[in-house]
**Student:** 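Handing you a structure now.
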Amino acid sequence: MVSEAPHSVRGRVWKFGDNVDTDVMAPWNTISLPWEERRKSVLHVRPEFAEQAAPGDLIVAGRNWGCGSSREHAPENLKLLGIGGVVAESFGRIYFRNCVAIAFPNLACPGIAQACEEGDDLEFDVASGAVRNHTRGVELSGAAYTPDMLAILERGGLLEMLKERFSAA
Amino acid sequence: MGRTMAEKILSRAADAPDARAGDYVTARADRVMAHEAFTVCALQLRRLGIDRVFDPERVLVILDHYFPAPTEQMARGHVIARSLSEQFGLKHFLGHAGICHQVLTERGHVLPGQLVFGTDSHSTTYGAIGAAGTGIGLTEMTWVLATGELWLLVPPTVRFVLDGTLGDAVMSKDVVLWLAGRFGTEVAQYRAIEFAGPLAAGMSVASRMTMANMGVELGAKFAFFEADDVTLAYLRSRAPAASAGVEAFGPDEDAEYEAVHAVDVSGLEPQIACPHNPGNVRPVSEVAGTPVHQAFLGSCTNARLEDLEVAARILKGRRVHPATRLLVTPASQQVAVDAAREGVLETLLEAGAHVTASGCGACPGGHGGLIAGGEVCISSTNRNFRGRMGSADAEVYLGSPASVAAAAVAGKIVDPRELW
C-alpha cells in the first residue's frame, strides 16, 4: 500500500509563534462548511497564509502549537492545504495525537524556533527525529516517533489500519 | 513503590500490572462518550463496512454542541445521530439532556477509577470524581468505537497540594485560573494532574469539576481529584443504582510524582484570564473598569447549580446593567430544574438575565450568544482564544460565575467581593 505520509519531508517554512490554538486553525463556525469555504479561515490570524501557502510548505512554530480543542479539523485543515508537516517546540497533546491518527507528520523539536526563520528550506524525519535547516546549515534532534506511531503514519492513518483489521477479521 | 491514579487506572485498563509513567500501553475503555461527532464517526464506520461498536453498553451519545439546532443542517445531523445510535444498538442515547460532561457525571454514567475517552477536550472533567477522562478526535474515536481500545502513554503526574481557604465570592475557578497564570498552560503537557490537599478535600464535586475541566488548559491528559466521601455522597444521592458498591479511589501514599507543588490560596483575589489565552491571567483589580457588552454564565466549566446560586446571590435585588446582556445557559436540564425549584432562575430572570436551553451554547462559538467585532464578553467558560466566541475582533475575558454576575450588574469588570 502506498504511504500517504512519508517519514521525511522537506519544504519552505512558514513561521508562527507560541500558543497558536486549534480555534484559529479551524474556527468552530466553519468546521461544517465545505472545504473551499472553510479554507479561507485556516490560521486567520495571518490571512495571507491560507492564500499563499503552497503544497509542500512546512510550518515551524513555538511552544504549545495546537493547544485547545479536540477538533480534528485543525490538523486536517493544514493537511488539506497541502502543508507537508509541522515542527514545533511543543504541541497541544490532543492536536498531536490527531496528527498521528490522520498521518500528518508533526515533530516536537526543542530549539527549532531559534534555529529557523520564515522562508528557510527545512527537512525533518519523524522516524529519526532529525531536523536539518538547509538554508542555515543547522541540525537539530527532535522527539522521534515510537514504532507504533510510525506504523500508523506509514499505513496512512488509523482509518486505513481499521480497514485492514476488520477486513482481515 | 506506590502508584499514581493514572498508573493505577491504565495498568488495570491495559491489563499491564507493572505499567509505569513513561510506558506505552494499549488500554481498553470503560466508557466512551461522543457528542454530535458520533454522526461523523458512525458514518465512517459504515464506509469501512463495520456495523457494530465494541460494546453498545459502554458508548454514550449526547447532542449538546448544537442544541437546539441552530441550522437545518445541524437538525439533519441530529436526525442522523439518533438513527445511527439505534442502528448500532446503543444502550445510552442521552438526547439533549445538557452538556455531555455534566450529564454523564450527574447520572453516574462515569464512575471513579474508570477510563473514559470523549470527543471533547474537556473530558478531563471526569477526573473530578476520580475517573481518567481524556479528549480524542474523530479518527481516534472511530477507532475506539470499533475496537474499544487505544494506545496511550502512561503519563507522569504533577501533583498540586492545595491549602488555605477561599474568601467570599472567590471560587475554584479563581484557583485554576491562578494556577494557569502562575505555572503556565503547559505545566501538565503530556502529563496527569492530581489536585490534593485540604482545599481540594473540602471542595464540592461541582467545584472540583471546574478545576478538572480546566486541567486541559494546563495541558493535562487527565486531571484527578481523589474519589473520597464527598464524591461517594454525590454519586449515591444522584445515581444510587449506578454507584452501588463504588469505593473510594486515590493514589498510593508512596506514589512517585514528577513534581509536587504546594500552594496556599489564602487571600487569593478573584482572577481574570485576559484575551486571548487562558494563561494570560491577572488579578481582577488590574482589569477592573473594562467595559463589558456580554456576560456569559454557561459551559461545562461553570454552569452548575452552585455557580447559578452564586450569580443569583450577587444579582438578587439588582439589575443587569443596560449596556450589558447576561446570558445564562445551565449545564444540564437537571441543573435548570434544580435552579427553578430553588428560585434561583426567578432571581436571575428578575434581574434581567436571559436563560437559554442547556447545551454548549455560546462557549465554542457555534450559536446562542456570539459576539461582534469590538465587543467584550466576560465568560465563565474555559477558553478565550481569538475568535472563539464569534468575531476575531472581539475580546473574551474568563472569570468565575461571581465575576461574571458582578460584571453584568456593573456593565464593566469589577471585583465581585464588592457586590457580595
Side-chain angles (χ1 to χ4, degrees), chain A residues 18-33 41 43-45 47 63-64 66-76 89-104 108 143 146-149 151-152 157-167 169, chain B residues 24 26 37 40 44-45 47-50 65-66 71 73-74 77 118-123 134-143 146-147 150-153 155 184-186 189-191 216-217 219-221 276-280 363-367 370 382-383 385-390 392:
Chain A
D18 294 338
N19 295 311
V20 177
D21 59 77
T22 50
D23 293 48
V24 303
M25 298 179 194
W28 187 259
N29 56 9
T30 69
I31 61 181
S32 299
L33 297 175
S41 43
L43 286 168
H44 58 79
V45 287
R63 297 202 60 82
N64 215 11
C67 58
S69 165
S70 58
R71 66 190 69 167
E72 197 169 287
H73 312 75
E76 187 194 21
E89 295 282 336
S90 64
F91 291 97
R93 63 166 290 278
I94 308 176
Y95 164 92
F96 185 80
R97 289 191 69 98
N98 284 336
C99 291
V100 175
I102 66 169
F104 178 48
T146 64
D148 286 348
M149 287 157 66
I152 297 169
L158 271 183
L159 291 181
E160 290 300 325
M161 291 181 72
L162 198 56
K163 197 191 295 180
E164 289 172 29
R165 180 159 161 168
F166 275 77
S167 58
Chain B
Y24 285 88
T26 297
V40 180
Q44 195 64 261
L45 289 175
R47 274 192 284 275
L48 296 174
I50 301 168
H65 276 59
Y66 295 106
T71 64
Q73 182 191 8
M74 294 307 157
T119 51
D120 190 278
S121 58
H122 291 104
S123 299
T134 197
I136 60 177
L138 296 170
T139 298
E140 289 201 319
M141 178 52 75
T142 306
W143 173 271
T147 68
L150 195 62
W151 70 274
L152 287 173
L153 170 68
T185 52
E186 285 195 282
Q189 191 73 275
Y190 312 124
R191 289 163 177 78
V216 72
E217 267 61 63
K221 170 184 279 185
H276 294 283
N277 192 278
N280 185 17
C363 173
H367 66 108
L370 274 63
N382 41 57
R383 292 190 181 130
F385 297 148
R386 184 182 286 279
R388 168 88 176 172
M389 295 180 73

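Every value quoted in this text rests on a predicted model; they were computed, and no experiment measured them. Each chain gets a letter, A, B and so on, in the order the sequences are listed, and its residues count up from 1.
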**Student:** Mark yes or no for whether B/T71, through its side chain, and B/M74, through its backbone, hold a donor-acceptor pair below 3.5 Å.
**Tutor:** yes

**Student:** Is it the side chain or the backbone of B/E140 that comes within 4.5 Å of chain A heavy atoms, both, or neither?
**Tutor:**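 Contact with chain A involves both backbone and side-chain atoms of B/E140.
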
**Student:** Can you tell me which of A/L159, A/N29, A/V100, A/N98 forms the most heavy-atom pairs within a distance under 4.5 Å of chain B?
**Tutor:**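 Between A/L159, A/N29, A/V100, A/N98, the count favours A/L159.
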
**Student:** Checking A/R97 against chain B: side chain, backbone, both or neither under 4.5 Å from a heavy atom?
**Tutor:**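 It is both, since atoms from each part get that close.
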
**Student:** Could you check whether any side-chain heavy atom of B/L45 comes within less than 4.5 Å of a side-chain heavy atom of A/L162, counting everything from C-beta outward?
**Tutor:** yes

**Student:** Counting heavy-atom pairs closer than 4.5 Å to chain B, which one of A/G68, A/A101, A/G92 comes out on top?
**Tutor:**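 Heavy-atom pair counts peak at A/G68.
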
**Student:** Under a 4.0 Å threshold between the charged nitrogen and the carboxylate oxygen, would B/R388 count as salt-bridged to A/D23?
**Tutor:**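 Counted as a salt bridge, because a side-chain N and a carboxylate O are separated by less than 4.0 Å.
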
**Student:** Among the options A/S32, A/C67, A/P27, pick out the one with the most heavy-atom pairs lying under 4.5 Å from chain B.
**Tutor:** A/S32

**Student:** Counting only non-hydrogen atoms closer than 4.5 Å, does A/M161 touch chain B with its backbone (N, CA, C, O), its side chain (CB onward), both, or neither?
**Tutor:**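 It is both, since atoms from each part get that close.
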
**Student:** Would the distance check show the side chain of B/R386 and the main-chain N or O of B/A392 forming a donor-acceptor pair, the cut-off being under 3.5 Å?
**Tutor:**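 Here the side-chain-to-backbone pair exists.
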
**Student:** Looking at B/A146, B/G390, B/G49, which one has more heavy-atom pairs under 4.5 Å with chain A than the rest?
**Tutor:**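 Answer, by heavy-atom pair count under 4.5 Å with chain A: B/A146.
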
**Student:** So what's closer than 4.5 Å to chain B heavy atoms on A/F91: side chain, backbone, both or neither?
**Tutor:** both

**Student:** Could you verify whether a donor N or O on one side chain and an acceptor N or O on the other, from B/E186 and A/S90, lie under 3.5 Å apart?
**Tutor:** yes

**Student:** Quick check on B/R383 against chain A: is it the side chain, the backbone, both or neither that has a heavy atom closer than 4.5 Å?
**Tutor:** side chain

**Student:** Check side chain to side chain contact (heavy atoms under 4.5 Å, CB included) between B/T185 and all other residues, then give those that pass, not counting sequence neighbours.
**Tutor:** A/N19, A/N64, B/N277

**Student:** Can you tell which part of B/T139 gets under 4.5 Å to a heavy atom of chain A, answering side chain, backbone, both or neither?
**Tutor:**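 Contact with chain A is through both the backbone and side chain of B/T139.
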
**Student:** With no hydrogens and no angle check, is any side-chain donor or acceptor of B/T134 less than 3.5 Å from a backbone partner on B/K221?
**Tutor:** yes

**Student:** Would you say the rings of B/Y66 and A/W28 are close, in the sense that their centroids are separated by under 6.0 Å?
**Tutor:** yes

**Student:** Examine whether an atom of B/L138 lies under 4.5 Å from a heavy atom of chain A, and if so say whether it belongs to the side chain, the backbone or both; otherwise answer neither.
**Tutor:**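 Both backbone and side chain.
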
